[in-house]
> 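Pasting a structure here, questions to come.
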Amino acid sequence: VSQSRYQPPIPRLDRRMKPLAWSHSALESFKNCPRSFHAQRVLKTVKQEPTTHTIWGERVHKQFEEYQRDGKPLEDDTVEHLPYMQRLYQQPGEPLCELKIALNTRLEPCEFFDPAVWFRGVIDFMKIHDGTALIIDYKTGKPHTKFGQLKLFALHTFIANPEVEVADVRFYWTKTQDESRKTFRRSEIDALWKEFIPDLRQYAEAFKLDVWQPRPSGLCGWCPVKECEFWKQRRY
C-alpha cells in the first residue's frame with residue numbers, strides 16, 4: 001500500500017489551525033512519528049491503552065508524591081525506596097510535588113489550561129533553596145542519557161523563579177535506585193532553548209501545512225494507528 005493512500009478516519013483539520021500546546025512527551029511523540037501523533041493527539045481517533053508498565057509508573061509516582069507532600073508511608077511494593085525518599089525530604093526547601101507548569105508564547109508563566117498556553121509540563125519533585133533548584137524526575141523504565149525533559153524543567157524554573165541561578169536536575173531510576181545528574185545555570189537559557197528550535201519548527205510546520213508524514217521504526221508494533229500501512233503485529 002502506498003503512503004498516498006493513507007487517509008485520516010475523519011476529515012482533515014483546517015490548515016490554519018495553530019499548533020497544540022506541547023510538552024516534552026508530545027514533542028517526542030511527534031518526532032517518533034508525525035502520523036501517529038496526529039491520530040492520537042490531534043484527531044484523537046485512537047489512544048494508547050494503559051500497559052502494565054504505565055500503570056506501575058503511575059502507582060510509584062503517586063506513592064512518592066504522598067510521602068513527600070503528606071508524610072504518608074510507602075507501601076510494601078515501594079518501601080525499598082524509603083532511604084531515597086528520606087534524603088529528598090531532608091533537603092532544605094519547601095517540597096513541590098507533581099507541580100504543573102506552563103508557559104505562553106511570550107515565554108511567561110501561565111496557568112496550565114490558559115487559552116494562550118504554549119508549553120506544559122509536570123515536575124515530579126522540586127525544592128528551591130538559596131538560589132538553587134533541586135529538580136527530580138522519577139523514572140520506572142530503562143535508564144537513558146537524554147536530558148531534554150529536565151532541560152525544559154530547568155528553563156521554566158529559571159523563568160518562573162528569578163532568584164534561581166542554578167538548576168540541579170536529576171533522574172531517579174527506580175529499577176536500579178541510581179541517579180543521573182546535570183547542572184544548568186541561568187546563563188545557559190538561550191543555549192538550552194536553541195536545542196529545541198529545530199524540532200519545534202517542524203512541529204509548527206506540520207500544523208501549518210496539515211502534513212503528517214509516517215516514520216516507520218521498531219515502534220510500529222506498539223502504535224495504535226492500525227490503519228497505517230506500516231503498522232505491524234508487535235513482536236514479543
Side-chain angles (χ1 to χ4, degrees), residues 18-34 36-37 40-42 54 57-58 60-61 64-65 68 88 93 95-129 131-174 179-207:
K18 70 175 184 178
L20 297 176
W22 62 282
S23 63
H24 178 264
S25 62
L27 191 60
E28 288 296 300
S29 176
F30 172 80
K31 288 164 57 180
N32 287 336
C33 181
S36 180
F37 171 89
Q40 294 187 69
R41 297 188 182 236
V42 182
T54 58
E58 291 175 359
V60 169
H61 278 71
F64 288 0
E65 175 189 6
Q68 296 295 342
L88 288 188
L96 300 171
C97 305
E98 298 301 316
L99 177 65
K100 292 183 177 180
I101 60 174
L103 296 172
N104 60 27
T105 54
R106 296 185 296 278
L107 296 185
E108 300 168 339
C110 65
E111 295 298 320
F112 203 70
F113 294 108
D114 189 286
V117 66
W118 176 67
F119 160 77
R120 292 191 182 106
V122 179
I123 297 177
D124 291 341
F125 177 90
M126 181 167 72
K127 282 189 173 183
I128 295 176
H129 177 73
T132 296
L134 172 62
I135 301 172
I136 309 291
D137 194 73
Y138 310 128
K139 292 295 187 188
T140 55
K142 183 179 179 181
H144 59 71
T145 57
K146 300 177 183 178
F147 274 81
Q149 183 180 23
L150 290 177
K151 289 177 182 179
L152 290 168
F153 291 169
L155 284 165
H156 180 276
T157 301
F158 288 138
I159 292 170
N161 303 275
E163 76 279 12
V164 172
E165 293 292 332
V166 177
D168 174 5
V169 302
R170 308 178 188 181
F171 286 123
Y172 175 61
W173 308 103
T174 61
E179 284 184 329
S180 298
R181 305 183 182 188
K182 282 190 180 294
T183 300
F184 301 113
R185 302 184 182 279
R186 179 171 290 275
S187 59
E188 299 177 79
I189 286 178
D190 288 346
L192 291 173
W193 273 125
K194 286 179 181 178
E195 294 183 28
F196 297 95
I197 288 176
D199 292 332
L200 289 172
R201 282 178 174 165
Q202 291 185 25
Y203 182 81
E205 190 75 2
F207 280 90

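Positions are given from 1, in the same order as the sequence printed here. Keep in mind that this is a model prediction, so the values were computed, not measured.
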> Rounded to the nearest 0.5 Å, what separation is found between the OG1 atom of Thr132 and the CD atom of Glu163?
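Reported to 0.5 Å precision, the distance equals 10.5 Å.
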
> How many angstroms lie between atom SG of Cys97 and atom CD1 of Ile136, to the nearest 0.5 angstrom?
11.0 Å

> Charged N to carboxylate O below 4.0 Å: is that the case for Arg185 and Glu188?
no

> Of the non-hydrogen atoms in Asn104 and Arg106, which two are nearest, and what is the gap between them?
OD1-N, 2.9 Å

> So, do Phe158 and Val166 sit near enough that their side-chain heavy atoms are less than 4.5 Å apart?
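Phe158 does not reach Val166 side chain to side chain.
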
> Check step by step if side-chain contact (heavy atoms from CB on, under 4.5 Å) holds for Leu152 and Phe196.
CA-CA 9 Å; Leu152 290 168; Phe196 297 95; 3.5 Å; yes

> When you compare the side chain of Lys139 with that of Gln149, does any pair of heavy atoms fall below 4.5 Å?
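A side-chain contact exists here, since the closest heavy-atom pair is under 4.5 Å.
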
> Are Arg120 and Phe113 side-chain neighbours, meaning at least one heavy-atom pair lies under 4.5 Å?
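Yes - at least one pair of side-chain heavy atoms lies under 4.5 Å apart.
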
> Would you call Leu200 and Phe30 a side-chain contact if the rule is heavy atoms closer than 4.5 Å?
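Not touching, per the 4.5 Å side-chain cut-off.
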
> Backbone N or O of Gly57 within a donor-acceptor pair of the Tyr138 side chain at under 3.5 Å?
no

> Looking at NE2 of His129 and CG of Leu134, how far apart are the two atoms once the value is rounded to the nearest 0.5 Å?
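Those atoms lie 11.5 Å apart.
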
> Can you find a pair of side-chain heavy atoms, one from Leu107 and one from Phe119, that are under 4.5 Å apart?
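Counting from C-beta outward, Leu107 and Phe119 never come under 4.5 Å.
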
> I need the Asp199 CG to Glu28 CD distance, nearest 0.5 Å.
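Answer rounded to 0.5 Å: 7.5 Å.
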
> Parallel, tilted or perpendicular: which describes the rings of Trp22 and Trp118, with under 30° parallel and over 60° perpendicular?
perpendicular

> Quick one: closest heavy-atom pair of Pro19 and Ala204, and the distance?
CG-CA, 3.9 Å

> With a 4.5 Å limit on heavy-atom distance, are the side chains of Leu155 and Leu103 in contact?
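Of all side-chain heavy-atom pairs linking Leu103 with Leu155, none is under 4.5 Å.
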
> Looking at every heavy atom in both Phe112 and Gly121, which two are closest together, and how far apart are they?
CE1-O, 3.5 Å

> Is there a side-chain contact between Arg41 and Ser25 in this structure, where contact means two heavy atoms from C-beta onward sitting under 4.5 Å apart?
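Arg41 reaches Ser25 side chain to side chain.
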
> Determine, using ring centers only, whether His144 and Phe171 are less than 6.0 Å apart.
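Under 6.0 Å, so yes.
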
> If we check side chain to side chain contact (heavy atoms under 4.5 Å, CB included) with Ile123, which of these qualifies: Asp137, Thr157, Leu96?
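For Ile123, the side chain to side chain contact (heavy atoms under 4.5 Å, CB included) test succeeds with only one of Asp137, Thr157, Leu96, which is Thr157.
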
> So, do Leu88 and Gln68 sit near enough that their side-chain heavy atoms are less than 4.5 Å apart?
yes

> Tell me if a side-chain donor or acceptor on Arg186 pairs with a main-chain N or O of Val164 at a distance below 3.5 Å.
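Checked: pair present.
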
> Yes or no on side-chain contact (heavy atoms from CB on, under 4.5 Å) for Asp124 and Phe64, after CA distance, side-chain angles and deciding distance?
CA-CA 9 Å; Asp124 291 341; Phe64 288 0; over 6 Å; no

> Look up atom CH2 in Trp173 and atom NZ in Lys142, then write down how far apart they are to the nearest 0.5 Å.
11.0 Å

> If you take all heavy atoms of Ile128 and Ala133, which pair is closest and at what distance?
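Taking Ile128 first and Ala133 second, the nearest heavy atoms are CG1-CB, 4.0 Å.
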
> For the side chain of Lys151 and the backbone of Phe184, is there at least one donor-acceptor N/O pair under 3.5 Å apart?
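The answer is no, because no donor-acceptor pair under 3.5 Å joins these two groups.
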
> Please check if atom CD in Glu111 has more than 12 non-hydrogen atoms from other residues, nucleotides or ligands closer than 6.0 Å.
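No, not enclosed.
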
> Kindly compute the distance separating CE (Met126) from CD1 (Ile101), expressed to the nearest 0.5 Å.
8.0 Å

> What is the minimum heavy-atom distance between Pro162 and Ala160, and which atoms define it?
CD-O, 3.6 Å

